[in-house]
Amino acid sequence: MKRIFSGVKPTGHLTLGNYLGAVRRWVEVDQHQADALFSVVDLHALTVEHNPARVRRLSLQAATLLLASGLDPERCTLFVQSHVDEHARLSYLLECTATDGELRRMIQYKEKSVRAREAEEGVRLSLLTYPVLMAADILAYGTDEVPVGEDQTQHVELTRDLAVRFNQRYGHVFTVPKATHPEVAARVMDLQDPTSKMGKSHENGAGIVYLLDEAETVRRKIMRAVTDSGREVVYDREESPGIANMVDLLAAATGCRAPAELAGAYDSYGALKKDTAEAVVELLRPVRERHAALAADPGYVERVLREGAERARGMARPMVDRAYRAIGLLPAA
Ligand code: TYM
C-alpha cells in the first residue's frame, strides 16, 4: 500500500491556505487510499523567534483542527513530531548528506532570513537546516507521496535529491518520494496582497482567513479583499491576481475544477466576492463546530496523539536504524 506523509507547522493559527492546499485532501482522499501519516511538526516551529507556551497551545490546537477537519485516527496516524525521536536522529545523517550551498538556495530560507535580520532577531541555524529535518520527516517513513501546497515543492525536491544521493553512496535505504498538489488552490494568496502567499502570519491579518474565524469575520475579510483595477471578471493570475485568487477560492469551496469557466459566469466583482464569502463560510462551518466539540475534550485529542506517536515510532525506527548502519555507524549491541 502506498505510504503518504505530510505535516503542518504550529507557528500560527491554521489558515484557509493550509486547508485548501493540503488538509482537505488529506481528509477527502489521502487517508482513504493510502497508509497515511500526518504530523504537527512542532520542531519546525522553533526555527524563528517563538514563545514556548504559544507553540504548545498551537500544537494542540492544530491537532484538534486536523481531527475537526475530518482526519480519522482509525484511518490514519496523527502525531506530534517531537514525540518521535527518529526525526531528529535521521536529520543529522541527512545533514551529512546535504551541502551548505543547496540549503542556502532554498527560497523560504532566503525570505525568512531577511525578515529575521530586519527584525534584528538573529537567524537561527535551524532556519537553514530546516529543509533537512523536513526531508527526515518524509524519508523516515518510506514515503511515496507528500501532499502539500505549491510553496513546499522546492523542499520536496531537496528531499528527493538527498534520498537519491544517500542511496547511491550507501546502498538503497530510502524511497524517493514525490510531491502532490490539489488541482485548484494549490497556492492561496493573501487577500490584501494577492501577489504573496496567504501565510499563517503577516503584519496584516486582514488578508488571512483563519479556520477558526467567526463567519462574520470571514465575510468581512473576503468582501474587503483587494481586487484589481479592471472591471471584467477574468481568470488571469498575472494580470488580475486578486480576482484570480477569488475565483480559485470559490472554485475550491464549491468543488469546481474549472476556475476559468466559473469566472465567465460573473459580471461584477461584488457578486463574485459575495458568493465566495458564503461558500467559504459554509465550507468552514462544520470544521469550526467540530473543533468546538473536540476542544471541550482535550483528553481525547491527547490520547489520539499518544497512540499515533507509538505507531509512528514503530514505523520509523527500523528505517532510521537501517540508515545508521548503511552510513557506517557501529550498531549498538
Ligand atoms: P506549513 O505549516 O507552512 O503549511 C502546511 C501545509 O499547507 C500548505 N499551505 C498552502 N497551500 C496553499 N496555499 C497557501 N497559501 C498555503 N499555505 C500553506 C503547505 O504547502 C503545506 O502543505 N514545511 C512545511 C511543514 C512540513 C512538512 C514536512 C510538510 C514539515 N515537514 C514533511 C510535508 C512533509 C510547512 O511549513 O508547512
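Ligands are counted one by one from 1 in listed order, and the atoms in each one are counted from 1 as well. This is a predicted model, so every value here is computed, not measured.
Between the CG atom of Asn18 and the CG atom of Leu211 there is a distance of 7.0 Å, given to the nearest 0.5 Å. Interatomic distance, Arg257 CZ to Leu262 CG, rounded to the nearest 0.5 Å: 14.0 Å.
Heavy-atom proximity to Ala22, at under 4.0 Å, picks out these atoms of ligand 1: 6 (C), 7 (O), 22 (O). Within ligand 1, the atoms closer than 4.0 Å to a non-hydrogen atom of Phe5 are 32 (C), 34 (C), numbered from 1 in the order shown. Near Arg187, meaning under 4.0 Å from any of its heavy atoms, are these atoms of ligand 1: 12 (C), 13 (N). Counting the atoms of ligand 1 from 1 in the order shown, those under 4.0 Å from a heavy atom of Gln152 are 19 (C), 20 (O), 23 (N), 24 (C), 35 (C), 36 (O), 37 (O). When each atom of ligand 1 is checked for a heavy atom of Gly149 under 4.0 Å away, the hits are 8 (C), 11 (N), 19 (C), 20 (O), 22 (O). Numbered from 1 in the order shown, with element, the atoms of ligand 1 that lie under 4.0 Å from a heavy atom of Tyr130 read 23 (N), 24 (C), 35 (C), 36 (O). Distances below 4.0 Å separate heavy atoms of Ser6 from the following atoms of ligand 1: 33 (C), 34 (C). Less than 4.0 angstrom separates some heavy atom of Val146 from each of these atoms of ligand 1: 33 (C), 34 (C).
Using cut-offs of 30° and 60° on the angle between ring planes, the pair Phe79 and His87 is tilted. Under the 30°/60° scheme for interplanar angles, the aromatic rings of Tyr210 and His13 are found to stand perpendicular.
Put simply, no part of Tyr19 is less than 4.0 Å from ligand 1, judged by heavy atoms. Residue Lys200 places a heavy atom less than 4.0 Å from ligand 1.
A salt bridge does not link Arg115 with Glu118: none of the charged nitrogens is closer than 4.0 Å to a carboxylate oxygen. The pair Glu150-Lys197 fails the salt-bridge criterion, with no side-chain N (NZ, NE, NH1 or NH2) lying under 4.0 Å from an Asp/Glu carboxylate O. Arg313 has no carboxylate O lying under 4.0 Å from a charged side-chain N of Glu310, or vice versa, which leaves the two without a salt bridge. Between Glu102 and Arg165 there is a salt bridge, since a side-chain N of the basic residue sits under 4.0 Å from a carboxylate O of the acidic one.
With hydrogens left out, the protein atom closest to atom 20 (O) of ligand 1 is Asp151 OD1, 2.5 Å, a heavy atom. Of the protein's heavy atoms, Met134 CG, 3.5 Å lies nearest to atom 28 (C) of ligand 1. Nearest protein neighbour of atom 17 (N) of ligand 1, counting heavy atoms only, is Met198 O, 3.7 Å. The closest protein non-hydrogen atom to atom 10 (C) of ligand 1 is Gly17 O, 3.3 Å. Shortest contact from atom 4 (O) of ligand 1 to any protein heavy atom: Asn18 ND2, 3.2 Å. Among protein heavy atoms, the minimum distance from atom 13 (N) of ligand 1 is reached at Val188 N, 2.8 Å. Given atom 31 (N) of ligand 1, the protein heavy atom at minimum distance is Asp137 OD2, 2.7 Å.
Only the backbone of Ala186 comes within contact range of ligand 1, with a heavy atom under 4.0 Å; no side-chain atom does. Here Leu133 has no heavy atoms under 4.0 Å from ligand 1, in either its backbone or its side chain. At a 4.0 Å heavy-atom cut-off, ligand 1 touches Val41 through the side chain alone. Looking at Met189 against ligand 1, nothing comes within 4.0 Å, counting heavy atoms.
Considering all non-hydrogen atoms of both residues, Pro10 and Val41 come closest at CD-O, 3.4 Å. The minimum heavy-atom distance between Tyr324 and Arg89, with the atom names listed, is OH-O, 3.0 Å. The shortest heavy-atom contact between Phe174 and Ala323 is CZ-CB, 3.8 Å. Across Thr47 and Leu127, no two heavy atoms sit closer than the pair O-CB, 3.8 Å. Arg54 approaches Gly12 most closely through the heavy-atom pair NH2-CA, 4.0 Å.
In terms of N/O distances under 3.5 Å, ligand 1 is not approached by Thr15.
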